[in-house]
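In what follows, every chain begins at residue 1, and chains take the letters A, B, ... in the order their sequences are listed.
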Amino acid sequence: MAKDFSTRAENYAQWYNDLVIKADLAENSAVRGCMVIKPYGYAIWEKIQATLDKKFKDTGHVNAYFPLFIPKSFFSKEASHVEGFAKECAVVTHYRLMANPNGKGVVVDPEAKLEEELIVRPTSETIIWDTYRTWIKSYRDLPLLINQWANVVRWEMRTRLFLRTAEFLWQEGHTAHATKEEAIQEAERMLDVYADFAENWLAIPVIKGIKSPNERFAGAIETYCIEALMQDGKALQAGTSHFLGQNFAKAFDVKFLSKENKLDYVWATSWGVSTRLMGALIMAHSDDNGLVLPPKLAPIQVVIVPIYKNNEQLALISETANKIKTALQNKGISVKYDDRDTFKPGWKFSEYEFKGVPVRIAIGPRDLENGTVEVARRDTLEKAIYQVTDIENKIGNLLEMIQKNLYHKAFAFREDNTFKADTWEEFVDIIENKGGFVLAHWDGTPETEQRIKDETKATIRAIPLNNKLESGKCIMTGRPSTQRVIFARAY
RNA sequence: CGGGGUAUAGCGUAGUCCGGUCAUCGCGCCUGCUUUGGGAGCAGGAGGUCGCAGGUUCAAAUCCUGCUACCCCGACCA
């Protein structure tokens, strides 16, 4: 992402606010760090949802919904899980308000204290596994492949718009399996689903890998991740998939009778992506003119802007514009014809650039005479004159080209910002001065990773799957290592 | 929770040190006319508890005290 978007917009918050604003209810610190997603931004989220949801269903999953509130006691059942989340939870302690005895407003009724506090879910493992216990009795009940679209709350000390908001929207898949192998396979399969989505829809290249123990999800045996590089050189974890082993099954006593009539604990996975993906989308592709959306996720793929001097001209242009609109729509392309007379063409051009609309078609009197239109693409800002003939196929191809170009651009950026470091000095220099991914040897111990983090703020983002083996020396300790891992500063 | 900073119209701001036509300017908004192929021009207009509460003073956006909120850095964080 460019440093700011203000080059042309003195009030650049304008476009940003069109997408999302931070909740700002004065006098109410309780909503600090939450977000309001405005319609245009939400339309992007809906696209993300729809695409992923279809992929989940294609891989045999179904949706369900579990409670927002989780009894506090559930959290004490899985020790490492509670350690990972207990510090950052919103807790419900009362269930009633009453008029303030002093006459001013309302206060919490002290009489209405809950016997057991409720935690606003920071993630749903506990309540889901408590439920699964009653659903799973036999190997015939397995595998259980369930996904939930929901909001979760994490009381982060410091929030960042899109990337770490106190409340965020996400999906969380929670599956139960009869065997360890099948569960691992599921975790890896869902990682592939995420990677495919990131690369082919978001147009963001990602590294598939596993997390080091330090970065592993609380309660997981193995955490798989897709890791992306943003334009400012920082890494962003775009999605995770966890192999949970039998940890949650044991904590919540979820057992099944196998074919062999043996009682055993089930094997579990969980996987999720969130509204953070929208942050990734913004930071991976945007430029000084605003958002740049890949065609597959753009709520509006093509906008048509008429250029006219009077109503007669507008009527003529509209005729052509609507024909083009219909032709494109018949090809499954989402089109907006913006014939508002309250804004001028130049204004509209800028507005749709802020919003990242991939293709803009301008039609004026000149075009009517020549049977042409002016086509501008958002990714390169290039303009070209197209003959109207067969316009739907030309635009269709252009959209595909833009989708690919965005990916290639992001891929090239990542290549240019991936470095190898063999000495500590080199490593520090790259982290401090260049940013990006740094491939370096590491002795495999959590202590060393922690030391590196303490000194440079860089962490191991991923140990790539199918990593090339290569013997070397740990950049920190000099101890032997068998492979390079990816270090970076991260969001 | 530590360190630093900020709070003035919908947004962004000047003014605060040195109290006295100071409530400034830009964007946005409204009206009218002319415009319309890259955020139009001119004219007119609306809009402010100067974060909140006290205090000092003839006089406070400005000085003092307390509070609150936000931002940045750190700690923290799938």
Side-chain angles (χ1 to χ4, degrees), chain A residues 4 6-18 21-33 81 84-89 122-123 125 152 154-161 163-166 168 170 172 191 194 210-211 214-220 222-227 235-242 244 270-274 276-277 289-290 305-311 313-314 317 339-354 360-370 372-374 376 381 383 385 453-454 457 459 461-462 490-491:
Chain A
D4 64 48
S6 58
T7 336
R8 295 177 65 203
E10 289 184 2
N11 191 353
Y12 77 89
Q14 192 179 324
W15 85 263
Y16 207 70
N17 282 346
D18 254 349
I21 59 167
K22 217 167 185 175
D24 181 21
L25 305 187
E27 327 242 328
N28 189 348
S29 62
V31 293
R32 184 186 339 187
H81 187 65
F85 283 104
K87 288 171 274 184
E88 52 174 33
C89 290
T123 177
E125 270 80 0
V152 289
R154 296 180 186 178
W155 215 260
E156 304 286 357
M157 290 185 196
R158 203 165 145 202
T159 56
R160 267 196 105 97
L161 198 50
L163 302 183
R164 195 175 303 110
T165 45
F168 57 93
W170 78 346
E172 46 181 326
L191 187 76
Y194 288 153
I210 57 170
K211 286 295 187 191
N214 286 14
E215 299 281 321
R216 201 175 280 154
F217 176 69
E222 194 81 273
T223 288
Y224 298 84
C225 63
I226 51 172
E227 206 69 25
L236 183 72
Q237 180 172 306
T240 49
S241 178
H242 314 287
L244 302 172
S270 72
W271 27 274
V273 295
S274 70
R276 173 180 261 206
L277 286 179
N289 293 322
V305 178
I307 295 158
Y308 57 95
K309 288 200 188 348
N310 52 51
N311 283 335
Q313 265 181 7
L314 176 60
I317 291 167
D339 62 350
R340 288 177 298 174
D341 61 358
T342 44
F343 293 96
K344 304 201 323 166
W347 176 277
K348 292 176 187 172
F349 292 174
S350 297
E351 183 184 356
Y352 293 108
E353 273 165 21
F354 285 141
R360 181 188 70 233
I361 298 176
I363 310 176
R366 218 153 60 203
D367 294 306
L368 287 189
E369 280 174 30
N370 303 333
T372 59
V373 292
E374 182 193 83
L381 297 172
K383 289 192 275 198
I385 303 295
K453 183 180 178 183
D454 290 344
K457 292 184 211 153
T459 51
R461 302 321 305 157
Y491 277 108

Does [X] have any side-chain contact (heavy atoms from CB on, under 4.5 Å) partners at least two apart in sequence or in another chain, and if so, which?
| X | value |
| --- | --- |
| Ala220(A) | Arg216(A), Phe217(A), Thr223(A), His242(A), Leu244(A) |
| Lys383(A) | Arg360(A), Glu374(A), Ala376(A) |
| Ile307(A) | Pro345(A), Phe349(A), Ala362(A) |

**Item:** ring-ring contact (aromatic ring centres under 6.0 Å, His included) partners for Tyr352(A), two or more places apart
**Value:**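 For Tyr352(A) there are no ring-ring contact (aromatic ring centres under 6.0 Å, His included) partners, ignoring immediate neighbours.
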**Request:** Specify the residue among Arg461(A) and Tyr308(A) whose closest nucleotide of RNA chain B lies further upstream toward the 5′ end.
**Result:**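 By nearest-heavy-atom nucleotide position, the 5'-most residue is Tyr308(A).
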**Asked** Closer to the 5' end of RNA chain B via nearest nucleotide, is it Thr223(A) or Gly364(A)?
**Response**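 It is Gly364(A), whose closest nucleotide lies nearer the 5' terminus.
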**Request:** Please test Tyr308(A) against Asp341(A) for side-chain contact (heavy atoms from CB on, under 4.5 Å), starting from the C-alpha separation and ending with a verdict.
**Result:** CA-CA 10 Å; Tyr308(A) 57 95; Asp341(A) 61 358; 3.4 Å; yes
**Request:** With P as the reference atom in both, quote the distance from C33(B) to U8(B) in angstrom, rounded to an integer.
**Result:**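 Comparing P positions in C33(B) and U8(B) gives a spacing of 37 Å.
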**Request:** Write down the distance separating the C1' atoms in C70(B) and C58(B), rounded off to the nearest Å.
**Result:**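 Pairwise C1' distance, C70(B) against C58(B), rounds to 37 Å.
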**Asked** Arg216(A) near the nucleic acid: base, sugar-phosphate alone, or nothing, with a heavy-atom cut-off under 4.0 Å?
**Response**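 The answer is nothing, as Arg216(A) stays clear of every strand by at least 4.0 Å.
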**Request:** Indicate, with a heavy-atom threshold strictly under 4.0 Å, whether Asp341(A) touches base, sugar-phosphate, or nothing.
**Result:**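 Nothing, no nucleic acid heavy atom in range.
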Using whole Å, report how far [atom1] of [X] lies from [atom2] of [N].
| X | N | atom1 | atom2 | value |
| --- | --- | --- | --- | --- |
| Ile361(A) | G37(B) | CD1 | C1' | 15 Å |
| Arg164(A) | C71(B) | CZ | P | 14 Å |
| Leu314(A) | G37(B) | CG | C1' | 15 Å |
| Ile307(A) | G38(B) | CD1 | C1' | 9 Å |

**Message:** Does a side-chain N or O of Lys383(A) approach OP1 or OP2 of G38(B) to a distance below 4.0 Å, or not?
**Reply:**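 Lys383(A) to G38(B) OP1/OP2: no side-chain N or O under 4.0 Å.
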Mind checking what makes salt bridge (charged side-chain N to carboxylate O under 4.0 Å, His left out) contact with [X], not counting sequence neighbours?
| X | answer |
| --- | --- |
| Arg276(A) | none |
| Arg340(A) | Asp338(A), Glu351(A) |
| Glu215(A) | Arg461(A) |

**Request:** Sequence neighbours left out, what passes side chain to side chain donor-acceptor pair (under 3.5 Å) with Asn310(A)? Give chain and number order.
**Result:**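 None.
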**Contacts of Ser274(A) that satisfy side chain to side chain donor-acceptor pair (under 3.5 Å) - sequence neighbours left out** =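 Counting only residues at least two positions away or on another chain, Ser274(A) forms no side chain to side chain donor-acceptor pair (under 3.5 Å).
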Under 3.5 Å, which protein N or O atoms sit close to an N or O of nucleotides 42-47 of chain B? Give each pair with its distance.
none

**Request:** Kindly point out which of G74(B), G38(B), U36(B) is positioned nearest to the side chain of Ser350(A)?
**Result:**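 Comparing G74(B), G38(B), U36(B) against the side chain of Ser350(A), the answer is G38(B).
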**Item:** Pair pattern of RNA chain B in dot-bracket, where unpaired bases get dots and | marks partners in another strand, Watson-Crick or G-U under 3.5 angstrom
**Value:** (((((((..(((.......[....))).((((((.....)))))).....(((((..]....))))))))))))....
Tabulate atom names and distances for all N/O pairs under 3.5 angstrom spanning the protein and nucleotides 29-35 of chain B.
none

